[in-house]
Amino acid sequence: MEKDHRLTPFYTKLLEYAESNTVSHDVPGHKLGQIDNDMMDYTGVHMFKLDANAPRGLDNLNRPTGVIKEACELMADAFFAERAYLLTGGTTMGILSMIMSVCRAKEKIILPRNVHKSAINALILSGAVPIFVKPHLDFELGIANHMEFEEVKQAILDNPDAKAVMIINPTYFGVASDIKRITELAHEHDMIVLADEAHGSHFQFSDQLPISAMAAGADMSSCSLHKTVGSLTQSSILVTQGPRVDHIRLRSTINMIQSTSPSSLLLASLDVARKTIYLEGPTKIPQLIEMAHQTRLKINQITGIHAIDKNYFKNIHAHDYDETKIIVKVSDLGVTGFDVYKELFDVHHIQLELAETHIILAVLSIGTQQKDLDALVRSLQMVSDKFAPMHLKTVLPKIKYSYPEAYTRPREAYHAPKKYVPIAQAVDEIAAESIMIYPPGIPLVIPGEIISEDIINDLDFYQRSGSVILSDTEGGYVKIIDKEYWIKWSELYENE
Ligand SMILES: Cc1ncc(COP(=O)(O)O)c(C=O)c1O
């Protein structure tokens, strides 16, 4: 039977409760807005009245049977899926749940090297063995991007025992790998397909966008509705289809990492965002794409600044591109994306999504208005007027990428005995932490990989070029496995 997407079962029941003047002798302690605070002065009491915990009638996220179940059914229908799980811990939680529910310790998963850190954490928690596919490296834009089909195919053929393939649909920059072909091939080899759709929640609602993971036949996908669809930050979903999904295991994994007090505000925001995108997305997304297209044309009139379009990605044989993202190359002005990101915020009150050495990225949604895009064009013109006459020549770091050799699984390295050494002395040691560089955002090394001379040189290079280095250890030190004690330790924990 066709679903009625005008309905918002969870939000409607929550509103009913908020308006019912029920006396609260339960948590939360703000008693539905009876403690005044600074935030309430700004938001008013209504936000607090909607922040209920678990009153009768509002169902239970751990095992939904009432209004949450109904909201999930509508969500699944909207996303072309068989089942949907509402998440209050972002797609971070979705990725942890997918990988942990599919991979047992020592089972292989094929995934791109430029995965979000939640995927690396899921490898640590599950004990799975990563088979990394090198992403496409774009030297023109200085970014790591999609996976090429042939690279994934090779990984599948080389690892017929792999349990799963994970695909980012799309990358942060909006580029989609050929998810349909990869999914078909993975299924032929009896592998389950997981999608990270943190940046692709809107795909299902317009045929002018890349194909969604569910439409492409993937088994599971996690979508950050908060990023591109309009629900509140941290609200995401996990959608599934087909016989490969073990729902008992998936449910128990989700419940393991889900708070027992999930935010009703986040859940309600998913319910209402689903209604809006389902009813309005098919008309508004094409309008948004046209607005973005016109904006790119205007940006391309500006000296030294270049908006990247779909043709650019077609020319480098990327499968597809999400045109609701605006990538602007600014490095021809002799400044970095970071400089422009800062300038746009400090001087023009524009907050961008992201900067890299060569580019800046604006993420649009059906909430984006023409005046917002006009402000971007105007401000970029002013940035060009300021920097172009200076004829600056900033030396930009070249994107570099050397594949470190894996010595042991991330989980084993995470739990192994450790010691801390100065980075320069860590050559040939086994990393016990991830070291990530922004840009390009790929972990140079993850727990269990051997730190090569190349990695130390890359780190030095990025440090000197002013990139941000993310790791657990500070002050020029790195956490490595203490091999001497590890041998003994391994005898005890080998099968974890
Ligand atoms: C590619 C990718 N995957 C997953 C995530 C995690 O999503 P969330 O912020 O919803 O937890 C992000 C967050 O930025 C991301 O960029």
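Whatever order the structure lists ligands and atoms in, that order sets their numbers, starting from 1. Since we're looking at a predicted model, the values are computed, not measured.
- Between Cys223 and the options Ser201, Ser212, Ser236, a side chain to side chain contact (heavy atoms under 4.5 Å, CB included) holds for only Ser201.
- For ligand 1, the polar-atom distance check finds an N/O of Thr92 within less than 3.5 Å of one of the ligand's N/O atoms.
- Pairing each heavy atom of Tyr11 with each of Asp271, the nearest pair is N-OD2, 3.0 Å.
- Residue His226 touches ligand 1 through its side chain alone, judged by heavy-atom distances below 4.0 Å.
- When all heavy atoms of His189 and Leu157 are compared, the closest pair comes out as NE2-CD2, 3.7 Å.
- Of all protein heavy atoms, the one closest to atom 13 (C) of ligand 1 is Lys227 NZ, 3.1 Å.
- With respect to Lys329, the side chain to side chain donor-acceptor pair (under 3.5 Å) criterion is satisfied by exactly one of His358, His306, Glu140: Glu140.
- Two rings, from Phe205 and Phe79, have their centers less than 6.0 Å apart.
- Of all atoms in ligand 1, listed by their number and element, those nearer than 4.0 Å to a heavy atom of Ser224 are 7 (O), 8 (P), 10 (O).
- Close approach of ligand 1 to Ser236 is summarised as follows: ligand atoms under 4.0 Å from at least one heavy atom of the residue are 10 (O).
- Here's the thing with Ser118: none of its N/O atoms is less than 3.5 angstrom from an N/O atom of ligand 1.
- Atom numbering of ligand 1 starts at 1 in the shown order; those under 4.0 Å from a heavy atom of Tyr172 are 16 (O).
- For Thr171, no heavy-atom contact with ligand 1 is shorter than 4.0 Å.
- Annotation: atom 12 (C) of ligand 1 to nearest protein heavy atom, His116 CD2, 3.3 Å.
- Closest to atom 15 (C) of ligand 1 by heavy atom, among Glu197, His199, Glu353, is His199.
- If you check which protein heavy atom lies closest to atom 2 (C) of ligand 1, you get Asp196 OD2, 3.4 Å.
- Of all atoms in ligand 1, numbered sequentially from 1 with element shown, those under 4.0 Å from a heavy atom of Ala198 are 2 (C), 3 (N), 4 (C), 5 (C), 12 (C), 15 (C).
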- Query: Could you walk me through whether Met220 and Val102 pass the side-chain contact (heavy atoms from CB on, under 4.5 Å) check?
  - Reply: CA-CA 10 Å; Met220 298 191 204; Val102 166; 3.6 Å; yes

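- Contact between Pro404 and Ile450 at its shortest, heavy atoms only, is CB-O, 3.8 Å.
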- Query: Given the rule in the side-chain contact (heavy atoms from CB on, under 4.5 Å) test, do Ile327 and Phe313 qualify, once you have shown the distances and angles that lead to the verdict?
  - Reply: CA-CA 11 Å; Ile327 299 174; Phe313 290 111; 3.8 Å; yes

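- For a threshold of 3.5 Å applied to N or O pairs, the pair formed by Thr91 and ligand 1 contains at least one separation below that value.
- Note: Tyr85 and His247 have parallel aromatic rings, judged against thresholds of 30 and 60 degrees for the angle between ring planes.
- For ligand 1, the atoms closer than 4.0 angstrom to any heavy atom of Gly90 are 10 (O), 11 (O).
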